[in-house]
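To start, the structure itself, in structure tokens.
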Amino acid sequence: MENIRELFIEMPNGESSTHIIIENGNGHFTSMLKSTYDEMLAAQSTPIDTEDE
Amino acid sequence: MAAGLGFKTFNTGDVLSAADTNGYLMQGVLVFANAAARDAAITSPQEGQCCYLKDTDAVQTYSGSAWVGFDDSNAIQNSIVDAKGDIVAASGNDTPARLAVGSNGDTLVADSAATTGLIWAKPVASLSNPIVNGGMDIWQRGTSFSSPNTIYVADRWKAEGSTPACTVARQATGDTTNLPNIQYGLRFQRNSGQTNTSTVYLYTGVETANAIPFAGKAITVSFYAKCGANYSSSASALGYFLNSGTGTDENPTGSYTGNVSVASGNVTLTTTYQRFVFTGTIGATATEFKIGFNYTPSGTASTNDWFEVTGVQIDSGTWTASTAPTFRRSGNTLQGELAACQRYYMRLTGGASSSNYGIGYAYNTTSAAINLRNAVTMRITPTVLDYSAIGLTVVGVNNYTITGLAIDAGTSGNDYVILLATGASGLTTGASYSLRNTSNVAGFIGLSAEL
């Protein structure tokens, strides 16, 4: 079961960014910028092309 | 005309008799300028007489009623060829046949389905196979996946098989009869007992740089596939599709900008690997494409409700299953294929409890920036990171647990990344730390630059 949380990370230059940390189970994690995660969700919400539009 | 006597050597003093003259000397080939000259000179030709006509370079013999050419019925006749470039082949035992000249640039290819067993065909495309990991050699993320929900399984291959619950796994083909020595296939199996019959998908996308060479071209997709004994798809069908788009490096999941269906259909699987092909023409303005397979299960899954696929390849030109070029990896060698895959995803697996991945420094008391050199130049700066059992350490002094690991997008590149390890406690700002496995041999770091 996936466990998803947001993580604010302060970077060496003093700025911060928002990342998504996904716990995939078995101690495996996936992280990405929140903007990347949102794009991924948008792509998955559309059925894959197998025919013409 | 008397029959010839054979050959005789005349010696000094021999008497030339009429019989010798008729039996030896008159048995030669008579030479004439043409047939008219011959007929004027020989008004009563004798059966068996021979002549040579200089105007046509023909040797003829008199049959008793007419002068006829030396026509060996077993010789290849001039009339068999009709045009420049025609060649003489055979349609069967002792059966010569004409094969008309091909088009400029064509090469001769054996084809058992053709009348002469030969066809003229365009030369094998010089374009590389754009399907990276078409031979299912590389599985950096693992070799078995339970209910993959739109994730990469084998490198470059994405699976949608969470509903129904499925297992996608690498399989050794063990088949040197029906496959050109391809070691692995990808098995997509509906788990036994599953009753959900939603369609499942397996697909891969071709990035713009590799897709553009095929724009405007007729292409052939070839692949090998087979099914399990309990494959539940109606009529043992495996669906295939090839869609193009006009965007740049779009995620193959979902819909392309300017989506066009280049080809789609079904092939009928058996429990033995067969090679299949489908063809289409990529649009002139296409800048990306994806190919994939799907099947819609039925009923309740038994223990062998699966299909396997491998040897996926795209060639320019139109081919049949028997004439399509032999499968070749996109990266040619296994090492080349791995590098081709690492352009999109690179996993570092230390393999030891103390494996170190990179060194960096703490920029505050809870976070460190770690430098990591990529194995190859990746497609873009990696955007997604996956990891397990990773922590910070000062070797021999202390280990530090972290609560998050992320790519610093602002300072990373195609060749290297800066990983931000956060959530540690008690780091010394400015001190050096290394990123390593947390006493777990299964620790890993994966960088993704996928489409």
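Values reported hereafter were calculated over all heavy atoms of this structure, with side chains retained and with hydrogens, waters and symmetry mates removed. Just so it is clear: chains get the letters A, B, ... in the order the sequence lines come, proteins before strands, and each one is counted from 1.
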Could you verify whether a donor N or O on one side chain and an acceptor N or O on the other, from [X] and [Y], lie under 3.5 Å apart?
| X | Y | result |
| --- | --- | --- |
| B:Ser147 | B:Ser162 | no |
| B:Thr438 | B:Asn399 | no |
| B:Asp386 | B:Tyr345 | yes |
| B:Glu250 | B:Thr257 | yes |
| B:Thr253 | B:Tyr203 | yes |

Are the charged groups of B:Glu450 and B:Arg379 less than 4.0 angstrom apart, N to O?
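Result for this pair is no, no salt bridge flagged.
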Given that the side chain runs from C-beta out, which part of [X] has a heavy atom under 4.5 Å from chain A: side chain, backbone, both or neither?
| X | value |
| --- | --- |
| B:Asn364 | side chain |
| B:Pro252 | backbone |
| B:Leu385 | both |
| B:Ala409 | side chain |
| B:Thr383 | both |
| B:Tyr387 | both |
| B:Thr150 | both |
| B:Tyr240 | neither |

Looking at chain B, which one of [options] has the largest number of heavy-atom pairs inside 4.5 Å, strictly under?
| options | result |
| --- | --- |
| A:His28, A:Met32, A:Gln44 | A:His28 |
| A:Pro47, A:Ala42, A:Pro12, A:Ser45 | A:Pro12 |
| A:Asn26, A:Leu7, A:Ile9 | A:Ile9 |

For [X], is it the side chain, the backbone, both, or neither that has a heavy atom closer than 4.5 Å to a heavy atom of chain B?
| X | answer |
| --- | --- |
| A:Glu39 | neither |
| A:Asn13 | neither |
| A:His19 | side chain |

I'd like to know whether CD1 of A:Ile22 has more than 12 heavy-atom contacts from other residues, nucleotides or ligands below 6.0 angstrom.
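Correct, the count exceeds 12.
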Output yes when a side-chain donor or acceptor of B:Asp249 lies under 3.5 Å from a complementary backbone atom of B:Thr208, and no otherwise.
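Yes.
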Are B:Phe307 and B:Phe293 an aromatic pair by the rule of ring centers under 6.0 Å?
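Not under 6.0 Å, so no.
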